[in-house]
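Below: the structure, in structure tokens.
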2 protein chains.
Amino acid sequence: MATADPANTATADPERPGFLLPLLLLAGFRTLVDDLHAELARQGHADLRPVHGFVLQAVGPAGTTASELGHRLGVSKQAAGKTVDRLVVLGYLERADDPADARRKLIRLTDRGHDGLRRSATLFDELRARWAQTLGEQRVSALEDDLRRVAQPNFFRLDVPGWFGT
Amino acid sequence: MATADPANTATADPERPGFLLPLLLLAGFRTLVDDLHAELARQGHADLRPVHGFVLQAVGPAGTTASELGHRLGVSKQAAGKTVDRLVVLGYLERADDPADARRKLIRLTDRGHDGLRRSATLFDELRARWAQTLGEQRVSALEDDLRRVAQPNFFRLDVPGWFGT
DNA sequence: GTACGATAGTCAACGTGGTTGACCAAATAG
DNA sequence: CTATTTGGTCAACCACGTTGACTATCGTAC
């Protein structure tokens, strides 16, 4: 990873107010996620990447299958399967045969997976509280309400062409 | 790309308020970017991907070099070079020799590149205006001010490990 | 004026995350 | 019982990132 350039905002043209809004939303999201993973790394989950959080969340405590997971994340079953492979290697997920259907392989969180998910939830709560401390609880709530009104609810969709592959 | 699942929010746990905030910020960002590129595609720039906007913006009207571009985007010069390759193929960028330094290759926007950047700026302005129409100009400004206070100004950094490669 | 270190660009190998298409085995519908 | 659908995997490919190695050029120091 290259070193940071403190002047990296040089080309953002403040004359065009429209550019700022998406950049600020992205910066806000990234700040939360970066802070989360910095702390997560300190708590023994250095190998968890941002995308993995979405996946663990989508697997959920009840477990799921590769096809269903792909459906939830909005990616192909093949992509979901490969992501599961990596999380299995890292020790966050496990596959088990479904006794009721020999085709299916149940995907479940391991203990480590549960731990990571639990810590993420706690840490996100803490980060939100920190924002509320800076901005005031009312402003944070207002921010959430406003975004709820204008944003499409495609929370978990990872299939933006050009962000992740084509 | 897989088909959308309207129930893809099923695993978001509303009991944990901390999860909502990052998701809403991401959803807000993605809404703007998706809307932008939908309209951009209608205006003859169907091959522009979200990441490309960052790159064109970072190249800027003045042009730059691959190393400097990598520096601005926070990625290696090799990564910057490869991205430039793709944008050159798409007709948005061009390389020219620097008469003052035979090592350097100037990277400049083509006419098509300028057009894409100009349209993006206009469309982002329009999208922000649409949000202001829904929420009120004051709320949008407040949203921007709040985010400015809590977000790290790493606007252009694309080097989040786990989002894009390692 | 030459030798040397820093800089710009490229190539190669690799990792991650995505896509299609093809394929097999098992479940299900007729 | 056959035909179709469904779940999982393999293979090939693309986008985007990394490090390491290499060449060519520039600038400096002697």
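Everything numeric in this text was worked out from a predicted model, so none of it was measured. Each chain gets a letter, A, B and so on, in the order its sequence line appears, and its residues count up from 1.
Not counting sequence neighbours, the partners of B:Arg128 by the side-chain contact (heavy atoms from CB on, under 4.5 Å) test are A:Pro17, A:Leu21, B:Glu137, B:Val140, B:Ser141, B:Glu144. Not counting sequence neighbours, A:Asp97 has no partner by the side-chain hydrogen bond (donor to acceptor under 3.5 Å, both in side chains) test.
The base of C:dG21 lies close enough to the side chain of A:Gln78 for a donor and an acceptor atom to sit less than 3.5 Å apart. Residue A:Lys82 places no side-chain atom within donor-acceptor reach of the base of C:dG17, judged by atom type and a 3.5 Å distance cut-off alone. If you check distances only, the side chain of A:Lys77 does reach the base of D:dG8 with a donor-acceptor pair under 3.5 Å.
Relative to the side chain of B:Thr65, the nucleotides D:dG7, C:dG18, C:dG9 differ in distance, and C:dG9 lies closest. Comparing D:dG8, D:dT18, C:dT19 by their closest approach to the side chain of B:Ser76 singles out D:dT18.
Residue B:Arg86 has a polar side-chain atom (N or O) positioned under 4.0 Å from OP1 or OP2 of D:dC16. An OP1 or OP2 oxygen of C:dT16 is reached within less than 4.0 angstrom by no side-chain nitrogen or oxygen of A:Thr83.
Using a 4.0 Å cut-off on heavy atoms, the residues of residues 94-104 of chain A that approach DNA chain C are A:Asp101, A:Ala102, A:Arg103, listed by number.
A:Ala79 comes within 4.0 angstrom of a base, heavy atoms only.
Atom CZ of B:Arg49 and atom P of D:dG17 are 15 Å apart (whole Å).
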